[in-house]
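Below is one structure; the comments refer to it alone.
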Amino acid sequence: MRIAHVRERNAPIGTGWRLAAAHDAAATRWLDLEQARQVLAGDDPRRAHNSVLFRQPVTTLDAHLARGLRVEALAEIVEGYVPATPDDEAIWEASELAFGPPILQPPSLRDFYAFEQHVGTMWRRRGNEIPEAWYRLPIFYFGNTSEIRGPGEPVWAPSGSVELDYELEVAAVVDTPAVDLAPDRAEEAIGGYL
């Protein structure tokens, strides 16, 4: 399941983000999860009684996670929704959408120094070997959560900079409380990747 914060490309300034899910494998069509939730709840009013997902509006991923729900809970809407007509209002064309940050206000961002080849290259440039402690400890730093961007959003160089450095980063969204998990269970706390 692919989810994203979206809004209509030509929406008025200040329009909020909505949570949507890819409706096809190529992600050319997107399902507005709140519109779909309303339709499903109207079709079967018992849903609001039987599923916490249907008791409140689906607004953003941040709000969804704050309610203690896991990302996978959204599959109930995605898999249960069948468009009523070919031009169903809950389905949007990707070309008509602007895509926002994957999480609007993440509480934390930890950037791990985890790939041995990358770490080794950095230490060798300084004329050193990888410190032994790197092999024993999960080395990370807290990243700047206010600088997470969506696709196509501008990134400005800090004043006084003459060039920018960039890297490909992969992040795991931890969507459930977890403390000191065994390595073979760590993936259980991951709700998705971005």
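If you're wondering where the values come from, they're calculated on a predicted model, not measured in any experiment. Starting from 1, each residue takes its place in the sequence as its number.
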Which atom pairs, one a donor and one an acceptor, fall under 3.5 Å between side chains of residues 36-57 and the rest of the protein, sequence neighbours left out?
unit_1, atom_1, unit_2, atom_2, d
Arg37, NE, Glu34, OE1, 2.7
Arg37, NE, Gln56, O, 3.4
Arg37, NH1, Phe54, O, 3.0
Arg37, NH2, Glu34, OE2, 2.8
Gln38, NE2, Glu34, OE2, 2.7
Asp44, OD1, Arg46, N, 3.1
Asp44, OD1, Arg46, NE, 3.0
Asp44, OD2, Arg46, NH2, 3.3
Arg47, NE, Leu40, O, 3.3
Asn50, ND2, Arg46, O, 3.3
Ser51, OG, Leu53, N, 3.4
Ser51, OG, Glu76, OE1, 3.3
Arg55, NE, Ala48, O, 2.8
Arg55, NH2, His49, O, 2.7

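- Between Ile148 and Pro102, the closest side-chain pair of non-hydrogen atoms falls below 4.5 Å.
- At a threshold of 4.5 Å between side-chain heavy atoms, the hydrophobic network of Ile, Leu, Val, Met, Phe, Trp and Tyr places Leu74 and Leu65 in one connected group.
- Of all the heavy atoms in His5 and Leu61, the pair that sits closest is NE2-N, 3.0 Å.
- Rounding to the nearest 0.5 Å places OG1 of Thr60 at 9.5 Å from CD1 of Ile103.
- Within the structure, ring-ring contact (aromatic ring centres under 6.0 Å, His included) contacts touching residues 62-98 (residues at least two apart or in different chains) do not occur.
- Under a hydrophobic clustering in which Ile, Leu, Val, Met, Phe, Trp and Tyr are joined whenever their side-chain heavy atoms come within less than 4.5 Å, directly or via other members, Leu137 and Val119 fall into the same cluster.
- Although no hydrogens or angles enter the test, the distance criterion places a donor-acceptor pair under 3.5 Å between the side chain of Asp88 and the main chain of Ala84.
- Shown here for Phe99 and Ala4, the closest heavy-atom pair between the two residues is CD2-CB, 3.8 Å.
- Looking at Pro107, Pro106, Pro101 one by one, the single match for side-chain contact (heavy atoms from CB on, under 4.5 Å) with Thr145 turns out to be Pro106.
- To the nearest 0.5 Å, atom CZ of residue Arg124 and atom CD1 of residue Ile130 are 6.5 Å apart.
- For Ala157, the side-chain contact (heavy atoms from CB on, under 4.5 Å) partners are Ser161, Leu164, not counting sequence neighbours.
- Annotation: salt bridge (charged side-chain N to carboxylate O under 4.0 Å, His left out) contacts involving residues 12-21, sequence neighbours excluded, comprise Arg18-Asp32.
- Under the side-chain hydrogen bond (donor to acceptor under 3.5 Å, both in side chains) criterion, the residue pairs touching residues 134-144 are Asp111-Tyr141, Glu116-Tyr135, Glu132-Arg136, Asn144-Ser146, with sequence neighbours excluded.
- Heavy atoms from other residues, nucleotides or ligands lying under 6.0 Å from CD of Glu147 number more than 12.
- A distance-only check finds a donor-acceptor pair linking the side chain of Asp175 to the backbone of Val71 [under 3.5 Å].
- Residues His118 and Tyr113 form a side-chain contact, since some pair of their non-hydrogen atoms from C-beta on lies under 4.5 Å apart.
- Taken from CD1 in Ile13 to OG1 in Thr15, the straight-line distance is 9.0 Å, to the nearest 0.5 Å.
- Hydrophobic cluster membership differs between Val173 and Trp17, with clusters built from Ile, Leu, Val, Met, Phe, Trp and Tyr side chains linked at under 4.5 angstrom.
- Partners of Ala75 under the side-chain contact (heavy atoms from CB on, under 4.5 Å) rule, at least two apart in sequence or in another chain, are Met1, Glu79.
- Ala27 meets the side-chain contact (heavy atoms from CB on, under 4.5 Å) test with Arg2, Ala22, Trp30; sequence neighbours excluded.
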Result block: side-chain N/O donor-acceptor pairs under 3.5 angstrom for residues 186-194, not counting sequence neighbours:
unit_1, atom_1, unit_2, atom_2, d
Glu188, OE1, Arg185, NE, 3.2
Glu188, OE1, Arg185, NH2, 2.8
Glu188, OE2, Arg185, NE, 3.1

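- Partners of Thr176 by side chain to side chain donor-acceptor pair (under 3.5 Å), not counting sequence neighbours: none found.
- Applying the salt bridge (charged side-chain N to carboxylate O under 4.0 Å, His left out) test to residues at least two apart or on different chains, none of the pairs has a partner in residues 5-17.
- Shown here are the side chain to side chain donor-acceptor pair (under 3.5 Å) partners of Thr85, two or more places apart in sequence or in another chain: Asp87.
- Formation of a donor-acceptor pair under 3.5 Å by the Asp62 side chain with backbone atoms of Gln105 is found in this model.
- Residues satisfying the side chain to side chain donor-acceptor pair (under 3.5 Å) criterion with Glu93, sequence neighbours excluded, are Arg29.
- Side-chain heavy atoms closer than 4.5 Å link hydrophobic residues (I, L, V, M, F, W, Y) into clusters, and following such links, even through other members, never connects Leu104 to Ile3.
- Put simply, CG on Asp24 and CG on Leu31 are 11.0 Å apart, with the number rounded to the nearest 0.5 Å.
- In the hydrophobic cluster analysis, where Ile, Leu, Val, Met, Phe, Trp and Tyr join through side-chain heavy atoms closer than 4.5 angstrom, Leu69 is grouped together with Val58.
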